[in-house]
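To start, the structure itself, in structure tokens.
Remember, it's 1-based here, ligands and their atoms both numbered in the order they're listed. All figures in this text were calculated on a predicted structure; none of them were measured in a lab.
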Amino acid sequence: MKPLKELTRHNIWSLETYSSARNEYNGAKASIFLDANENPFNSPNNRYPDPLQKDVKNKISIIKGIDTKNIFLGNGSDEPIDLVYRAFCNPGKDNVVAVEPTYGMYQVCADINDVEYRKVLLDENFQFKASDLLNSTDNNTKLIFICSPNNPTGNCFHRKEIETILKKFQGIVILDEAYSDFSNHKSFLSELDTYPNLIILQTFSKAWGCAAIRLGMAFASTEIIEILNKIKYPYNINRLTQDEALKMLEKHYLVKEWVESLKNERERLLKELSVLKCCKHIYPTDANFFLTRVSDAKTIYNHLVEKGIIVRNRTNVILCNNCLRITVGTRPENDALLNALHEY
Ligand SMILES: *Cc1c(COP(=O)(O)O)cnc(C)c1O
């Protein structure tokens with residue numbers, strides 16, 4: 001890895017951390033707050049939230065076994081995805097590399113930030129070779145995005161290929177593990193100390209069942225986390241979200257139960273779908289969704305809509321011709337899907 005200073009945009013590296021009122025107050029015992037021009041009435045919503053979300057991070061730290069200094073919380077994973085562009089990529093000059101097809105937000109943020117987005121096509125098994133990704137990089141490549149399990153294909157990438165990239169790439173690797181709770185493959189969280197150029201993204205939106213509260217997690221070296229903290233909005237995680245997250249973290253045993261149930265439903269769905277004439281192929285999945293190649297994606301999609309069932313038509317995505325992406329639901333929801341497909 002190049003020195004972090006070299007990878008970071010000059011203006012960001014030399015930025016002083018903005019110090020908000022709640023930053024300067026360091027938690028000493030106090031009961032009268034006249035420092036932030038808040039309204040003293042309408043407690044508790046009158047107060048600005050903790051800008052560094054210490055309570056939430058303490059709980060996440062225990063559950064994940066990661067020091068709080070290595071945790072960044074964002075307004076969904078979308079926020080850290082955008083922040084890594086703003087921290088490391090000079091618009092109009094630097095570039096990033098990602099596999100194709102993958103999660104759409106990486107390119108959306110590249111376009112917004114005027115950063116060249118280089119795509120490397122997956123093979124027919126939706127896998128990549130590390131050398132192909134590395135060959136697409138040059139001296140201005142700051143980031144490589146890898147989403148594993150990948151969206152929309154559902155599969156995990158080979159661990160060895162990811163490791164090769166982490167070892168050989170001189171820039172920063174963003175490994176998006178939004179769906180890793182549903183996978184039997186090991187998360188890279190325990191490898192954080194091994195790879196100083198690794199940023200792992202996880203989220204409350206999927207296994208944690210909290211898409212509405214918008215809470216994403218980034219795990220990385222303290223140096224990288226400090227850079228992200230420097231450029232985020234001071235109060236990026238509102239108090240309602242922090243409170244809801246704390247409640248959820250108390251009930252983390254629920255997540256395990258949900259994941260087990262969804263994995264069982266996933267196996268059942270795959271089995272029952274595989275005998276349907278309209279399902280030509282079901283791709284292996286490590287996520288709470290799967291990709292299936294059907295006889296005619298558009299008409300089947302419309303048929304399902306008529307039955308009040310919405311899936312994602314991915315037929316226009318490269319390598320996904322006539323493919324539907326289907327999220328695993330509750331047992332009755334999945335039954336409704338199966339019935340609707342039987343009737344097609
Ligand atoms: C759903 C999803 C996320 C989660 O995004 P949030 O902004 O945290 O809701 C992240 N990455 C991928 C690949 C996803 O599919």
Side-chain angles (χ1 to χ4, degrees), residues 53 56-57 60 64 71-86 96-110 112 117 119-120 122 126 128 143-157 162 172-183 185 187-189 198-220 228 232-233 236-238 240-242 244-245 248-249 255 258-259 262 266 283 285-291 310-314 317-320 323-329:
Q53 311 98 21
V56 182
K57 283 181 187 166
I60 292 173
K64 300 280 180 187
I71 304 174
F72 172 88
L73 298 180
N75 186 329
S77 309
D78 295 343
E79 185 179 359
I81 291 169
D82 185 51
L83 289 184
V84 291
Y85 281 100
R86 290 166 55 200
V96 308
V97 169
V99 299
E100 181 74 2
T102 191
Y103 186 45
M105 277 309 287
Y106 312 142
Q107 172 147 29
V108 168
C109 289
I112 289 171
Y117 185 82
K119 305 170 185 176
V120 176
L122 295 173
F126 295 143
F128 66 82
L143 315 171
I144 292 182
F145 284 91
I146 300 173
C147 179
S148 184
N150 188 33
N151 182 2
T153 59
N155 60 301
C156 273
F157 294 122
I162 298 175
I172 288 166
V173 179
I174 293 103
L175 181 61
D176 190 338
E177 294 191 334
Y179 299 100
S180 67
D181 301 86
F182 303 102
S183 167
H185 293 95
S187 155
F188 271 78
L189 261 192
L198 172 61
I199 300 178
I200 294 174
L201 302 182
Q202 295 186 0
T203 178
F204 275 70
S205 297
K206 307 288 157 59
W208 285 84
C210 286
I213 74 172
R214 310 306 302 130
L215 190 60
M217 300 169 270
F219 303 94
L228 299 181
K232 77 180 183 72
Y233 290 155
N236 61 328
I237 309 294
N238 71 66
L240 304 181
T241 293
Q242 295 191 39
E244 221 29 65
M248 222 27 247
L249 286 158
V255 175
W258 292 335
V259 167
L262 290 170
R266 178 177 73 190
Y283 290 95
T285 177
D286 286 294
N288 65 333
F289 64 85
F290 58 91
L291 198 65
I310 314 299
V311 299
R312 198 93 200 266
N313 185 358
R314 298 281 77 189
V317 172
I318 194 159
L319 301 184
C320 299
C323 286
L324 298 176
R325 193 195 70 191
I326 301 180
T327 309
V328 179

No-hydrogen, no-angle side-chain donor-acceptor test under 3.5 Å, Asn238 and Arg214: no
With sequence neighbours left out, the residues meeting ring-ring contact (aromatic ring centres under 6.0 Å, His included) with Phe204 are Trp208
Please tell me if the side chains of Lys206 and Asp181 come closer than 4.5 Å, counting only heavy atoms from C-beta onward. no
All ring-ring contact (aromatic ring centres under 6.0 Å, His included) counterparts of Tyr179, not counting sequence neighbours: Phe289
Under a plain distance cut-off of 3.5 Å, with no hydrogens placed, do Asp176 and Tyr106 share a side-chain donor-acceptor pair? yes
Could you please provide the protein residues found below 4.0 Å of ligand 1 on a heavy-atom basis, arranged by chain and number? Gly76, Ser77, Asp78, Tyr103, Cys147, Asn151, Asp176, Ala178, Tyr179, Thr203, Ser205, Lys206, Arg214
Mind checking ring-ring contact (aromatic ring centres under 6.0 Å, His included) for Tyr117 and listing every partner two or more places apart, or none if nothing turns up? none
